[in-house]
Amino acid sequence: MKIVVAVHKPSRLPEDALYLPVQVGAALHPPLAIPGLARDDTGLSISEKNPNYCELTALYWAWKNLPGEYLGLAHYRRYFAARRTGADKWARIAKQQDIAPLLEECGVVLPVKRNYWIETNYSQYVHAHHARDLDETRAILAECWPDYLPAFDRVMGRTSGHRFNMFVMRRDLLDAYCTWLFDVLFRLERRLDISGYSANDARVFGFVSERLLDVWLETNQVVYREMPVVFTEKQNWLKKGTAFLKRKFVGKS
């Protein structure tokens with residue numbers, strides 16, 4: 001098992017062989033001085049797409065270049081967490097022995113769902129980004145993968161979903177998921193004009209992929225288990241909550 005950790009700046013990282021730090025967008029930036037760091041611009045890669053694909057360039061690199069029965073994706077400040085009471089944030093980061101029993105039951109481990117309560121997955125996205133991102137994605141599914149449309153519509157109408165592009169998957173499931181996901185996203189990239197997008201909205205393919213994971217899981221009836229997530233950097237929940245409500249009732253700035 002190996003979990004790649006998407007990194008774009010010098011950061012503290014877990015001291016555990018389970019985790020492999022990968023510099024994302026390495027084709028566009030100088031090397032980071034991090035021991036044991038891999039780069040997403042070696043072998044088969046889409047490193048140059050990082051401004052639009054975010055951590056997915058690390059996922060693509062791992063999928064195409066790393067061996068292993070199980071592969072996962074995490075972030076330099078966000079990891080799966082074990083339920084260790086009284087432990088500090090870094091001690092709570094999941095180890096292989098925390099994750100392996102869950103994978104033996106199913107084959108996929110995901111973060112606990114995020115609930116928006118007063119927003120659907122669709123409305124939350126369009127209040128924060130551009131409706132055409134998801135509308136064009138739906139059109140692509142209708143044309144190329146119509147079996148995925150029922151799940152897409154159900155997922156878009158819900159108020160909760162798995163976020164962060166975080167997971168650990170058995171290799172056969174990862175192969176199937178990544179083959180489908182990147183096919184959808186590459187088609188979307190060819191059809192979507194993002195020349196006028198802000199730098200944040202231009203991360204569109206990373207954002208859309210977060211909404212597609214549940215669509216793929218549900219359509220293929222993939223059984224999964226969930227784990228909590230630990231944030232190693234301080235979260236300003238008041239700021240996040242205020243921005244969330246502002247986008248809903250005022251619109252994105």
Side-chain angles (χ1 to χ4, degrees), residues 3-6 24 46 49-50 52-64 70-75 78-81 94 99 102-103 105-116 119-126 128-129 133-138 140-142 144-189 192 203-229:
I3 298 176
V4 297
V5 181
V24 293
I46 55 170
K49 295 180 183 290
N50 180 256
N52 309 123
Y53 279 72
C54 312
E55 62 277 349
L56 294 185
T57 61
L59 173 62
Y60 188 92
W61 177 84
W63 172 43
K64 291 294 188 180
Y70 295 94
L71 286 176
L73 177 64
H75 305 255
R78 190 184 296 128
Y79 301 89
F80 288 109
I99 301 172
L102 300 179
L103 289 170
E105 298 175 8
C106 53
V108 178
V109 170
L110 302 175
V112 173
K113 285 183 178 180
R114 169 171 283 187
N115 200 319
Y116 295 110
E119 291 268 42
T120 65
N121 289 311
Y122 182 85
S123 68
Q124 183 276 331
Y125 187 96
V126 302
H129 307 293
D133 304 344
L134 293 181
D135 295 344
E136 196 64 46
T137 300
R138 189 185 189 280
I140 289 169
L141 295 181
C144 304
W145 296 276
D147 290 349
Y148 284 81
L149 273 183
F152 181 88
D153 291 339
R154 287 193 297 270
V155 168
M156 290 300 106
R158 292 178 187 148
T159 58
S160 63
H162 296 102
R163 291 295 177 265
F164 312 135
N165 284 321
M166 281 180 63
F167 49 78
V168 182
M169 288 190 187
R170 197 175 64 225
R171 170 65 73 168
D172 61 315
L173 295 172
L174 183 83
D175 287 343
Y177 173 60
C178 287
T179 298
W180 176 79
L181 174 68
F182 286 106
D183 199 348
V184 174
L185 295 179
F186 291 159
R187 289 172 187 268
L188 181 63
E189 183 181 9
L192 200 62
R203 300 163 63 196
V204 52
F205 307 111
F207 294 146
V208 169
S209 68
E210 288 184 274
R211 280 76 185 172
L212 288 177
L213 176 57
D214 285 333
V215 175
W216 181 80
L217 291 166
E218 191 163 313
T219 300
N220 292 285
Q221 300 181 326
V222 176
V223 178
Y224 60 84
R225 296 290 181 266
E226 294 181 337
M227 292 186 75
V229 172

Carboxylate-amine/guanidinium contact Arg203 Glu55, below 4.0 Å: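 Looking at Glu55 together with Arg203, the answer is no, because their closest N to O distance does not fall below 4.0 Å.
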message: Between Arg225 and Glu105, does any NZ, NE, NH1 or NH2 come within less than 4.0 Å of an OD or OE carboxylate oxygen?
response: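 The answer is yes: the pair qualifies as a salt bridge.
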- prompt: Looking at the rings of Phe167 and His162, which for Trp means the six-membered one, are their centres under 6.0 Å apart?
  reply: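 No - the distance between ring centres of Phe167 and His162 does not fall below the 6.0 Å cut-off.
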query: Centres of the His129 and Phe207 rings: under 6.0 Å?
result: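 Between His129 and Phe207, the centre distance is under 6.0 Å.
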Can you find a side-chain donor-acceptor pair between [X] and [Y] that sits under 3.5 Å?
X      : Y      : result
Asp153 : Tyr148 : no
Tyr125 : Asp133 : yes
Arg114 : Gln124 : no
Tyr177 : Asp172 : no

Taking atom [atom1] of [X] and atom [atom2] of [Y], what is their separation to the nearest 0.5 Å?
X      : Y      : atom1 : atom2 : result
Cys178 : Trp216 : SG    : CH2   : 9.0 Å
Tyr224 : Leu213 : OH    : CG    : 9.0 Å
Thr159 : Glu119 : OG1   : CD    : 10.0 Å
Asn50  : Leu56  : CG    : CG    : 9.0 Å
Tyr70  : Ile99  : OH    : CD1   : 11.5 Å
Met166 : Leu59  : CE    : CG    : 13.0 Å

- prompt: Looking only at atom types and distance, does a side-chain atom of Ser123 sit under 3.5 Å from a main-chain N or O of Thr120, one as donor and one as acceptor?
  reply: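 Confirmed, Ser123 side chain pairs with Thr120 backbone.
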task: Sort out for me which residue in Thr137, Leu141, Ile140 forms a side chain to side chain contact (heavy atoms under 4.5 Å, CB included) with Arg187.
output: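 Only one option passes, and that is Ile140.
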message: Which label fits Tyr53 and Phe182: parallel for a plane angle under 30°, tilted from 30 to 60°, or perpendicular past 60°?
response: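 Because their plane-to-plane angle is under 30°, the rings of Tyr53 and Phe182 count as parallel.
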